Structures are given as structure tokens and as C-alpha cells.
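A single structure is presented below for examination.
Here the structure is a predicted model, which is why all the values come from computation and not from measurement. Whatever order the structure lists ligands and atoms in, that order sets their numbers, starting from 1.
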Amino acid sequence: MKVISDLNQPTLVDRSLAAVWHPCTQMKHHESFPLIAITKGKGPWLYDEKGNALLDCISSWWTNLFGHSNPQINQAIIDQLEKIEHVMLAGFTHQPVVELSEKLAALTSGNLGHVFYASDGASAVEIALKMSHHFWQLNGKPQKKKFVCLENGYHGETLGALAVTDVAIFRKAYGSLLQDVYTVPSPDARKVKVGESAEDVAKHAAAELEKLFEKEHQYIAAIIVEPLVQCAGQMAMYSPEYLRLVRDLCNRYEVHLIADEIAVGCGRSGQFFACEHAGIWPDFLTLSKGISGGYLPLSLCMTTNTIYRAFYSDKTQQGFLHSHSYTGNPLACSAALACLKIFETGDVLKNNIARSQDLANAFGWAKIDSRVEHWRQQGMILAFDLKNEYLKNPSTFPREMFAKGLEEGVLIRPISNTIYVMPPYILSTEEIIQMGKAVERSLAKALA
Ligand SMILES: *Cc1c(COP(=O)(O)O)cnc(C)c1O
């Protein structure tokens, strides 16, 4: 029973706004823009305090692969909790981290057989950058220390990762803190001219990269890319041909290739690793987000035996002396192992083929909507852009669309004029149809 005095109590949202500084948010917008207190989740559904259900169309920031409160992942964490919750990974090891490393290495057929752990995605990127830099010092080429990144790329927001990120809104205030990098054209397939294919765009972009390598390769340590989809960069998709060409250029010019698969890895693209679409392996591959199923912070950087051996020495200083307190946390590794087990036993990649077809069908309406352009899909990511002339106010559109989505029971967070869905893999066909219709209604309201 509700007591009268409760009416004067601040709500959870009020208290959050007073005490929690929320990420990626202009807090003042919450004067008019809703903040939702979530009390539980089940499968693809989130429930707020009032019991309203929201279909999680973006996997809670691209992390949740197998639904909220997944019984198998829950049980794996509970089982691990009975054994050891955490132990430092320097001087110690444990079953979950060993098994996870072995399984991931096997998924690359041993090409990337050494796994270094951290907790968040940006830190995994920092690790790849530092390892590459250090490798060239150890190999007598200390002048090879600059990084190349793609226009419109995103690799996280710590200072090293932000330096190789080309999304203005995240960089602008911090430019003077960031190291100098080379930025090369994105192979974004939306650039196709009449008569061209996505592969042509990839070739043009690779030709630009080659010009840079030709001139500057003796100063370049590595190039970092998001394979196939530049997710934070408005889900810009591109041809796997680009990855093949870049791999070849990296071989020819002695430059490391860093594949940041933090968003596109773990089956999101249709293969377990997005690089598999191109049939190539990078020198460094980063994973986070989906690897622990959206349960616990875990990130990692996988690398080759060549890189690993360069650091192997009697000299302490020649080791990779990087660490984070929660590196290789056993609970997080157990969650990741439970996810890999679901991939094995649940035939996830195969089933996702049918699911991505369901997604395409559910969003067929957008393909023929004259306000929409660049409808695109890569595996379990579907995106399209709204033509600017249909947006009353482009800067408030994402928030308006989010708010209308809440009314229609879907969690969506457009990036500028790009609407995308990147749902958990456990949606039923009915739920996917429901999602497509709810997004269509939300859009009608947001543009009304
Ligand atoms: C999210 C993301 C990151 C950063 O991960 P955090 O855990 O947010 O630090 C890095 N690279 C890509 C491609 C990402 O999508």
C-alpha cells in the first residue's frame, strides 16, 4: 500500500539526477528528456519501475548478445562465485582465463594465440597501440611510432584511443591533449558514385592509404580499423575488399594492422570475427562489449606469436609491463565462457542468418520510404539514414526519436540522422516484427 508521505519522497530518477553524472549526456537535457530507472530485465526486455516493458533493440549499448538475465550465463557466474571472485593476474592464473584464452585462440585457428586482458574497450585499444609502438622499439625501428586511423572511426575515449578516433563530438574539447595521427579516407559504401560498387569505394580508399604508406611508412607503427562497420560513426558499412587490401599494404610496408572488433566481433557481423568475411587476420584484434554477453566489464587484445616473442626476454624492461587491477577477472571470464558455450551448442552463427533475414523483412518499410536513404545491413546490424530535409531539428532528432521509442515500447538511440537496430541474438521472429512496427510508429511520431 502506498503511504501518503511517499508522494514527497524523491524518486529514483530524481536521486540519480542529483548524484549520478551520466555518460555521454548533457545533463541539462534531462530537464525535458526522460531518464528511465530500470528495475529488471528478461531476455530482450527491460522493465522500468512502473513495470513498462521496453524491447532492447540496441543490446544495451551493443553488449548484450543472449538477453538479460540469461539462465546459462547467470549460472556460470554463480558457479564461479563459489570458487574465486577475483585474483590478480600477475603471478597468478585461474581456470576461466586459461580456458577463455585457449578457446579464443582456437577461433582464430591459432593465428592470434596470445591474449592480453583489460576491463573496458578503450583500454584494449590502448594495449594494442602500446604493444605496436613498443614492438618497433624492440625491433630497432623506434621511429615507427605514428598511428593511422580512418575518417569517421571510433575506438574509445581515453586519450590514446581518442587520438585514433575521428568523431568530432567526442574529440573537440580534448584536441590539444591528443597525439598527432594520420587520418585516411573511410571506405564507407555510402560514398558510391553512379556506376560504382562498394568494392570500388574500398579500392579508392585503399589507394589513398597506399599513397600515405609509400611516403611515411618508416614513421608508421600501425593502422587501426573497425572491420566492416564503423559503428559509432553512424553504422557506416564497407566492403571486405578494403580489409584484404589493407592487409596486403600492411605486409608490404611493414605496418601493423589493428582490427578493433569491440563492436563487430562475437558474431555481430555474421561471422564470429568480422575479419573472417575478408579471410584475413590482423596483428592485433580487440574484443569487449559482447564478449561477456553484456554482463561484466571485460576486454582483451589478441596478438600473434611474432609480437609475443619480441617481448620475451631476460630483461624485465623488454616485457609488456601494462596492467589493470581487474585484468582477467574470473567472474567476467566465466560469463564470456558461458557465451562461447552458447555459440557452440546453440548454433548461433547459423541461426543468426535467419534472424538477420527477419530483421531485413521487419524493416522492409524503411527501404521503400522516400524519406530514407542508405538502407544497409551487416549481419545483426541494420541501419538507415533520414534525409536531412525531413528533420525539423537535426540536433534534437535523436532524443525525440528515443523518447517516441519509449512510448512505443522500444529502446532505440539514433546516431544523428541514422536509425539503427543491433538487437540481442535471442529475439523471436514475432519480436523482430514487433520491433520493426514499433520503430516505424516512433519515426512517424518523431517526424510529425
Ligand atoms: C565501444 C567501442 C570502444 C570502446 O569501448 P569502451 O568499453 O566503451 O571503452 C572501442 N572501439 C569500438 C569499435 C567500440 O565500438
Side-chain angles (χ1 to χ4, degrees), residues 22-25 58-65 116-132 147-167 169-171 174 178 181 183 186-188 222-238 242-243 246 257-269 273-275 277 282 284-302 322 324-329 332 335-336 378-381 383 413 415-416 418 420-423:
H22 290 268
C24 202
T25 299
I58 59 165
S59 303
S60 294
W61 257 351
W62 320 343
T63 60
N64 190 296
L65 304 188
F116 196 101
Y117 289 86
S119 316
D120 57 83
S123 300
V125 168
E126 302 274 345
I127 288 163
L129 299 174
K130 282 177 71 178
M131 272 186 184
S132 172
F147 297 108
V148 181
C149 60
L150 299 194
E151 161 199 19
N152 193 39
Y154 178 90
H155 301 285
E157 292 164 55
T158 55
L159 295 177
L162 192 57
V164 290
T165 287
D166 182 46
V167 178
I169 191 166
F170 299 126
R171 270 185 74 100
Y174 314 103
L178 306 175
V181 298
T183 307
S186 160
D188 183 350
I223 174 171
I224 182 164
V225 303
E226 292 160 273
L228 299 190
V229 191
Q230 295 185 297
C231 294
Q234 294 184 267
M235 301 292 159
M237 299 184 185
Y238 63 86
Y242 184 72
L243 297 173
V246 172
L257 173 56
I258 304 171
D260 178 356
E261 298 222 8
I262 288 168
V264 294
C266 303
R268 184 55 73 181
S269 71
F273 297 108
C275 280
H277 292 275
F284 301 94
L285 189 150
T286 55
L287 288 180
S288 186
K289 293 206 165 101
I291 186 63
S292 56
Y295 267 70
L296 288 161
L298 181 71
S299 71
L300 56 96
C301 175
M302 305 177 70
H322 181 107
H324 298 282
S325 313
Y326 284 98
T327 289
N329 174 261
Q378 176 71 53
M380 291 296 285
I381 309 174
R413 269 178 74 101
I415 308 173
S416 302
T418 300
Y420 76 91
V421 290
M422 196 160 168

| said: So, applying side-chain hydrogen bond (donor to acceptor under 3.5 Å, both in side chains) with His155, which one of Asp166, Thr286, Thr165, Asp260 is it? | reply: Asp260
| request: Check whether the ring centres of Tyr154 and Phe170 lie less than 6.0 Å apart, and answer yes or no. | output: yes
Quick one: table the atom pairs, ligand 1 N or O against protein N or O, below 3.5 Å, distance rounded to 0.1 Å.
unit_1	atom_1	unit_2	atom_2	d
ligand 1	7 (O)	Gly121	N	2.7
ligand 1	9 (O)	Gly121	N	3.4
ligand 1	9 (O)	Ala122	N	2.8
ligand 1	11 (N)	Asp260	OD1	3.4
ligand 1	11 (N)	Asp260	OD2	2.6
ligand 1	15 (O)	Lys289	NZ	2.6

| Just by distance, do the side chain of Glu261 and the backbone of Ala274 share a donor-acceptor pair under 3.5 Å? | yes
| task | For residues Leu298 and Ala336, report the shortest heavy-atom separation together with the two atoms involved. | result | CD2-CB, 3.8 Å
| With sequence neighbours left out, what residues match Leu296 under side chain to side chain contact (heavy atoms under 4.5 Å, CB included)? | Ile77, Leu331, Ala332
| query | Between Ile262 and Gly121, what is the shortest heavy-atom contact and its length? | reply | CD1-O, 3.3 Å
